[in-house]
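To keep things clear, I will list the structure first and then write my remarks on it.
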Amino acid sequence: MDKKIKKIGVLTSGGDSPGMNAAIRAVVRTCAYHGLQCQGIYRGFQGLLEGDFIELGPRSVNNIINKGGTMLKSARCKEFMEKEGREKAYQHLKDANIDALVVIGGDGSFKGATTLHKETNIPIIAIPGTIDNDIFGTTHTLGYDTALNTVVEVIDKIRDTASSHNRLFLVEVMGRDCGHIALNAGIGAGAEEILIPEENLGVERLLESLRRSKESGKSSSIVVISEGGKIGKTVFELKEYVEENLSEYDVRVSVLGHMQRGGAPSCFDRVLASRFGVKAVESLMEGKSNFMVGLRNDQIELVPLEKAIKGSTKVDMELLRVSDIMST
Ligand code: ATP
């Protein structure tokens, strides 16, 4: 391997997601394994702008593989959107003799990373870390599997109340632009209906489906709704509409919110983070740059960062059919 790179910086940016710590650990330990130095950068691009760095060795990342959030903290940084801000950040990288960067975050962070690379030529590899699973070029982003398990666990609990009181629960989950969480967690939790941004089911079809569900003898119903669902009503407006039109239903709303982002990463996310971290560092050592590491056909591959930013992910619409059949 070409060992021109001596020191790698690592940062987490945008929304935190479970598995980010495991990815930091993997980057730090892969650096140590190959005799490279590693510098942690606090609070994403904000810390880069301020030169807020910390030397990380293999023992600095003990006991973090099982922790949610990110030990390096995360932030959103407006100043980094401006060229002057990025110039300041680059100066700090040069001052600290950092030769290359690993950026862990979502597509906004990738835009910042690729712009910095183009302006300064600093080698960068990105690791997709977001619970939404909305990054092109990888079947899984870090944190997505954990979020799915969290949502399923919570809906299982909601189901206990729903069935004890013959209630209908509208459960809103994260996913502004894509329905991966709603669709997969919905099927996993046995939801009667799933509303995702990719398909406008329409309120009338939802009412019809709930009517059928009641007639078929079901004692409770769960409808899982992506926060970006296109039904044209907020989840609270939907509750009122359903109660007005289906008086037999006692409706409750549960907005799961930020709990979906937290918690210990699943085993899947820990393994994925470890594989992503190794690939990111070794790719930089091989002279690769401006790529994202992604999971495809159970292999870790490099995806051009531009493609990861511009491409869009698609939910498997066959899953909607599976959900329909399962709610019979
Ligand atoms: P999440 O998926 O959780 O939202 P994200 O990485 O997409 O994560 P953003 O807030 O969109 O989160 O972006 C994180 C940071 O990346 C921004 O605060 C900003 O500093 C930087 N960034 C985003 N877009 C750009 C851009 N076009 N140019 C330069 N920097 C950018």
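In listed order, ligands and their atoms are each counted from 1.
- Here D107 has heavy atoms under 4.0 Å from ligand 1 in both its backbone and its side chain.
- Regarding atom 2 (O) of ligand 1, its nearest protein heavy-atom neighbour is T130 OG1, 3.7 Å.
- Among R76, E82, K111, M81, the residue whose heavy atom sits closest to atom 31 (C) of ligand 1 is M81.
- Taking 4.0 Å as the cut-off between side-chain N and carboxylate O, D99 and K6 do not count as a salt-bridged pair.
- For atom 6 (O) of ligand 1, the nearest protein heavy atom (residue, atom name, distance) is S109 OG, 2.5 Å.
- Applying the 4.0 Å criterion to heavy atoms of G106 picks out, from ligand 1, the atoms 2 (O), 5 (P), 6 (O), 7 (O), 8 (O).
- Nearest to atom 1 (P) of ligand 1 by heavy atom, out of G15, A89, C77, is G15.
- For K214 and E248, the salt-bridge test fails: no basic side-chain N is under 4.0 Å from an acidic carboxylate O.
- Distances below 4.0 Å separate heavy atoms of S13 from the following atoms of ligand 1: 14 (C), 15 (C).
- Protein heavy atom at the shortest distance from atom 29 (C) of ligand 1 is G112 CA, 3.5 Å.
- V223 pairs with exactly one of V242, L238, V235, L195 by the side-chain contact (heavy atoms from CB on, under 4.5 Å) rule, that one being L195.
- Per-residue contacts place F45 under 4.0 angstrom from the following atoms of ligand 1 (heavy atoms of the residue considered): 16 (O), 20 (O), 21 (C).
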Exercise. Quick one: do E84 and K88 satisfy salt bridge (Lys or Arg N to Asp or Glu O under 4.0 Å)? Show the steps, please.
Key: CA-CA 6 Å; E84 300 79 62; K88 215 155 103 184; over 6 Å; no
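- Looking only at protein heavy atoms, the nearest one to atom 7 (O) of ligand 1 is G108 N, 2.8 Å.
- Taking the six-membered ring where tryptophan is involved, the planes of H180 and Y144 are perpendicular, since the angle between them exceeds 60° and thus also 30°.
- Under 3.5 Å, the side chains of S266 and N149 contain no donor-acceptor pair of N or O atoms.
- By the 4.0 Å N-to-carboxylate-O rule, E193 lies too far from R211 to be salt-bridged with it.
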